[in-house]
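Chain A is the first sequence line, chain B the second, and so forth, proteins listed ahead of strands; every chain is numbered from 1. Every heavy atom of this structure was used, including side-chain atoms; hydrogens, water molecules and symmetry mates were not.
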Protein chains: 2
Amino acid sequence: MRKGEATRARLVAKTAELLQRQGFHATGLAQIVAESGSPRGSVYFHFPGGKEELACAALSDAGKLWRERLEAVIGAAPHPSAAVRAVCSVLASAMEASEFREGCPLATVALEAASSSERVRATIASHYAGWESLIAARVVSLGMAKRDAARLATFTLATLEGALMLAKVKRDATPIRDAGEQLARLAEAAGAFSKPRRAPPKRRERSAARA
Amino acid sequence: MRKGEATRARLVAKTAELLQRQGFHATGLAQIVAESGSPRGSVYFHFPGGKEELACAALSDAGKLWRERLEAVIGAAPHPSAAVRAVCSVLASAMEASEFREGCPLATVALEAASSSERVRATIASHYAGWESLIAARVVSLGMAKRDAARLATFTLATLEGALMLAKVKRDATPIRDAGEQLARLAEAAGAFSKPRRAPPKRRERSAARA
DNA sequence: AAATAAATATATCGACCGTTCTATTTTGAC
DNA sequence: GTCAAAATAGAACGGTCGATATATTTATTT
């Protein structure tokens, strides 16, 4: 049934948008239905689990979309430092373009629902982990040990998320751009260090990101 | 009138706690009144502006409290690197102790209300700025240029906020501890660089945090 | 075209939301 | 003790919330 899938897609898309801007509790089914032009009676048909299930679907969609974008940028950049610069540039511009209403599509709900809905929490956590593994994989290809790369990836994501939040609150995108610059230098330093290496002999104790 | 002030204080304290754990929209007046044991009829006496005004008072209280704690830690630490380590250690432990329910007292509401209540947004922004200037001042005392110090302070705060969020979502405090370690190294590097300096001759182009 | 399932429409539910209102009690000043 | 202000009590407001139930319409299959 085509029509049903279209309705479902519209519901998910609008929900993702509203969750990104307002969060979970500030977004009502009424608003989702009204702004998406979807039939109200269809919500519980497509999402028997109600608002929670709809939210998880929307968060998953957004998480996948951002993962693909991240993958594309990382794949196109010659070096992680260039990638992080590009990502921050895009994020900063998007933030300004939306007049600081849109940030990370998961972050607001993450903080809101982490302690109330285990399902939502787990959904978001898995997508964050996916983003991190993407970053970590790129860093590993530079020669850094997996463990250190994972740490650096978490650190990078944390900084980006925090910068997005500060930018939203300050209504100023410079935290994002500055974070990009700082992280890029960190990546350069880490790359310069571990580049000339080949097949690390045994193990290295968190040698990375050592400045 | 003593009684009134006590009631007011209880309302503010409980509101701050609930905002930190659940956010703005998930916290109702009913819950605040019930859990604080305060008279329901007193809310609009002490806070004619309603929930928004009460929330701002609570956020301001929390912001001041954290500022004082931050000030104490920075004052006691021999070096910014030690300070950031200590802060992260405390934050990580507190996160675990609360079973990952309590993070930054402002962050959740910051993301929620940044686009809905200008008053709340401005309140939070001012406290974040206060925290940053505290960090920046300490870095300046190390010899770093004011502009670079401000950037580094914003970067540090962003990383901490992001790490707190990730820890909450993952239910794992390691992002906080790792962020502390990384930031501490960054601070050491910045300190080592700008320490031997005296009265910078003219201006330096963001030489800080250079690895 | 008939039969079956998918999808939508609509009305309604009880619960809770933030807010307002009018008593009533408590407190401080005289 | 008297009086006015501060503070509390508690009901009640209209509105919206997410969720449910029952019809009705639309599409797919045979």
Side-chain angles (χ1 to χ4, degrees), chain A residues 1-19 21-59 108-109 112-113 115-121 123, chain B residues 1-19 21-59 108-109 112-113 115-121 123:
Chain A
M1 309 247 163
R2 300 291 181 283
K3 193 83 163 291
E5 291 174 9
T7 299
R8 193 196 133 98
R10 271 195 324 239
L11 281 171
V12 169
K14 178 54 74 174
T15 301
E17 177 193 331
L18 293 176
L19 289 184
R21 296 195 176 195
Q22 313 172 338
F24 184 82
H25 289 103
T27 300
L29 275 322
Q31 188 182 12
I32 295 171
V33 166
E35 292 191 14
S36 70
S38 304
R40 179 167 182 73
S42 300
V43 174
Y44 285 84
F45 173 78
H46 293 289
F47 304 95
K51 188 184 182 184
E52 188 183 37
E53 185 180 339
L54 174 55
C56 285
L59 294 168
T108 307
V109 183
E112 272 189 291
S115 51
S116 71
S117 166
E118 170 57 22
R119 185 176 176 185
V120 170
R121 200 218 99 241
T123 300
Chain B
M1 308 246 165
R2 296 295 179 282
K3 193 79 162 295
E5 291 174 9
T7 298
R8 192 195 134 98
R10 268 190 329 221
L11 281 172
V12 169
K14 178 54 74 173
T15 301
E17 176 192 333
L18 293 176
L19 289 184
R21 296 196 175 194
Q22 313 172 339
F24 184 82
H25 293 287
T27 300
L29 275 322
Q31 188 181 13
I32 296 172
V33 166
E35 292 191 14
S36 71
S38 304
R40 178 165 182 73
S42 300
V43 175
Y44 284 83
F45 173 79
H46 294 288
F47 305 94
K51 189 184 181 183
E52 187 183 36
E53 186 179 339
L54 174 55
C56 285
L59 294 167
T108 307
V109 182
E112 272 189 290
S115 51
S116 71
S117 166
E118 171 58 22
R119 185 176 177 186
V120 170
R121 201 219 98 239
T123 300

I want to verify a distance call: between D:dA7, D:dA19, C:dA7, whose nearest atom is closest to the A:Y44 side chain? D:dA19
Please give, in whole Å, the distance from C:dT19 P to B:F47 CZ? 13 Å
What is the separation between atom CG on B:L54 and atom C1' on C:dT19, rounded to the nearest whole Å? 14 Å
Per side chain to side chain contact (heavy atoms under 4.5 Å, CB included), A:L59 is matched among A:V120, A:V12, A:T15, A:L54 by A:V120
Distance col, row A:I32:CD1 vs A:R10:CZ, nearest 0.5 angstrom, shows 13.5 Å
Take A:G41 and A:H25, find for each the nucleotide of DNA chain D with the closest heavy atom, and name the residue whose nucleotide sits nearer the 5' end. A:H25
Do B:V33 and B:P39 touch side chain to side chain, with heavy atoms closer than 4.5 Å? no
Contact check, residues 26-38 of chain B vs DNA chain D, heavy-atom distance under 4.0 Å, returns none
Strictly under 3.5 Å: I want the nitrogen or oxygen pairs between protein and nucleotides 22-24 of chain C, one per line.
none

Nearest-neighbour nucleotide for the A:T7 side chain, C:dT8, D:dA7, D:dA19 considered: C:dT8
At under 4.0 Å between heavy atoms, what does A:G50 touch on the DNA or RNA strands: base, sugar-phosphate, or nothing? sugar-phosphate
Please determine whether side chain to side chain contact (heavy atoms under 4.5 Å, CB included) holds for the pair B:H25 and A:Q22, giving the CA-CA distance in whole Å, both sets of side-chain angles, and the decisive distance to 0.1 Å. CA-CA 10 Å; B:H25 293 287; A:Q22 313 172 338; over 6 Å; no
About how many Å separate OG of B:S115 and CZ of B:R121, when rounded to the nearest 0.5 Å? 10.5 Å
My understanding is that only one of A:E112, A:E52, A:K51 makes a side chain to side chain donor-acceptor pair (under 3.5 Å) with A:S117; could you say which? A:E52
Starting from P on D:dT16, measure out to NZ on B:K51 and report it in whole angstrom. 16 Å
Taking OP1 and OP2 of D:dA7, is either one under 4.0 Å from a side-chain nitrogen or oxygen of B:S42? no
Tell me, do B:L19 and B:T108 make a side-chain contact under 4.5 Å, heavy atoms counted? no
Residues A:L18, A:E35; criterion side chain to side chain contact (heavy atoms under 4.5 Å, CB included); working and verdict: CA-CA 10 Å; A:L18 293 176; A:E35 292 191 14; 3.9 Å; yes
Selected nucleotide, minimal atom distance to A:F45 side chain, candidates C:dG18, C:dA7, D:dG18: C:dA7
Kindly point out which of C:dT8, C:dG18, C:dT10 is positioned nearest to the side chain of A:R40? C:dT10
Figure out the NE2/C1' separation between B:H46 and D:dT8, and round it to whole Å. 9 Å
In chain order, what residues pass the side chain to side chain contact (heavy atoms under 4.5 Å, CB included) check against B:S36, with sequence neighbours excluded? B:L11, B:K14, B:S38
